[in-house]
Amino acid sequence: MPLTMLIWPLPALLTWALAWGVFLGLRAAGLGAVAAFVLALLVSGLPAWTGRTPWRRVFMLAGFPLSLLASGAAGGLPAWAWLLPLALLLALYPLNTWRDAPLFPTPATALRGLAGQAPLPDGARMVDAGCGLGAGLKALHGEYPQARIQGLEWSWPLAALCALRCRFAQVRRADIWAADWSGYDLVYLFQRPESMPWAMDKAASELRPGSWLVSLEFEASGWAPQGRLQNVDGKPVWLYQAPFRRR
Ligand SMILES: C[S@@+](CC[C@H](N)C(=O)[O-])C[C@H]1O[C@@H](n2cnc3c(N)ncnc32)[C@H](O)[C@@H]1O
């Protein structure tokens with residue numbers, strides 16, 4: 001079960017326990033305090049990425065260093081080491097993405113049937129705008145195995161890990177709102193409800209007629225979808241084909 005499905009604050013408690021486990025294990029194995037601290041932070045950074053809100057991410061990541069400080073077990077750490085949690089959080093989530101969506105992966109079956117409702121020729125260009133760790137890219141690749149798929153992701157560690165996981169795609173670090181969408185036949189988004197008006201405005205002015213904007217979970221209110229998929233409870237997929245029609 002994904003950590004985010006657990007009742008809060010269980011995800012935070014499990015993240016802290018994981019960090020402590022790694023820290024104590026590495027110390028017992030003879031690793032220095034700084035190296036064990038950094039590795040424990042990095043390991044607990046993975047679940048902390050999935051926190052549902054910015055504050056939850058902060059709690060999940062900060063619990064271990066704060067409890068380490070309070071426990072007095074941090075004796076061997078230099079003062080600068082305490083800046084590492086902040087640096088890690090900012091690297092994972094640069095400030096401008098805090099108003100956008102945190103990391104939630106596309107469920108593996110959510111896009112099943114997309115190619116049937118939005119057929120595209122081999123070699124079509126598509127993008128997962130905010131590709132996270134690549135779950136959406138994998139789902140797109142499953143539907144359109146011959147497509148040229150790109151991923152744009154603002155957080156550089158996520159972009160780097162995603163590029164490693166999705167060799168079939170071209171992944172780069174970019175701001176999806178500053179990127180040019182005009183060359184794509186399909187733009188896939190899993191962002192936030194608040195982002196949908198910007199996304200529709202941008203797509204309406206940049207996408208060529210016949211291209212698709214596909215949104216997981218969040219509908220663009222006021223616009224008529226050409227199609228809808230419902231493979232996963234609570235995660236409908238909304239399909240809008242340019243030129244978009246008002247309801
Ligand atoms: C809900 S997750 C979706 C991840 C991926 N699309 C998937 O479905 O598996 C949203 C992702 O968008 C990224 N993001 C948020 N704002 C962004 C922006 N302005 N530019 C690029 N990526 C952004 C976040 O870092 C996060 O990884």
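Throughout, numbering of the chain's residues begins at 1 and tracks the sequence. For ligands, and for the atoms within them, numbers begin at 1 and follow the listed sequence. What you see below is based on every heavy atom in this structure, not just the backbone, and it leaves out hydrogens, waters and symmetry mates.
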Could you list which atoms of ligand 1 come closer than 4.0 Å to a heavy atom of Pro105? 9 (O)

So which atom in Phe59 and which in Trp16 form the shortest heavy-atom distance, rounded to 0.1 Å? O-NE1, 2.9 Å

Any heavy atom of Gly134 sitting closer than 4.0 Å to ligand 1? no

So which heavy atom on Ala40 is nearest to which on Val22, and how close? CA-CG1, 3.8 Å

Atoms of ligand 1 less than 4.0 Å from Trp177 heavy atoms? 19 (N)

Nearest heavy-atom neighbours spanning Gly136 and Thr106: CA-OG1, 3.6 Å

Give yes if a backbone or side-chain nitrogen or oxygen of Ile176 is under 3.5 Å from a nitrogen or oxygen of ligand 1, and no if not. yes

Does a side chain donor of either Gln150 or Tyr184 reach within less than 3.5 Å of an acceptor in the other side chain? yes

At less than 4.0 angstrom from any non-hydrogen atom of Asp175, what atoms of ligand 1 do you find? 18 (C), 19 (N), 20 (N)

Any nitrogen or oxygen of Gly136, side chain or backbone, less than 3.5 Å from one on ligand 1? yes

Tell me the closest heavy-atom pair linking Tyr240 and Ala220, and the distance in Å. OH-N, 2.8 Å

Determine whether the side chain, the backbone, both or neither of Ala174 has a heavy atom under 4.0 Å from any heavy atom of ligand 1. backbone

Under 3.5 Å between any N/O of Tyr188 and any N/O of ligand 1: does that happen in this structure? no

Which of these, Lys235, Arg228, Arg192, sits in a salt bridge (charged side-chain N to carboxylate O under 4.0 Å, His left out) with Glu217? Lys235

Under a 4.0 angstrom heavy-atom cut-off, which atoms of ligand 1 come close to Ala135? 9 (O)

I'd like to know if the side chain of Gln117 reaches the main chain of Gly227, judged simply by a donor and an acceptor atom lying under 3.5 Å from each other, with no hydrogens or angles considered. no

Contact region, Leu133 to ligand 1, non-hydrogen atoms below 4.0 Å, reads neither

For residues Leu120 and Met126, report the shortest heavy-atom separation together with the two atoms involved. CD1-CE, 3.7 Å

Where on Asp128 is there a heavy atom closer than 4.0 Å to ligand 1, on the side chain, on the backbone, on both, or on neither? side chain

Could you see which bit of Cys131 sits under 4.0 Å from ligand 1, with heavy atoms only: side chain, backbone, both or neither? backbone

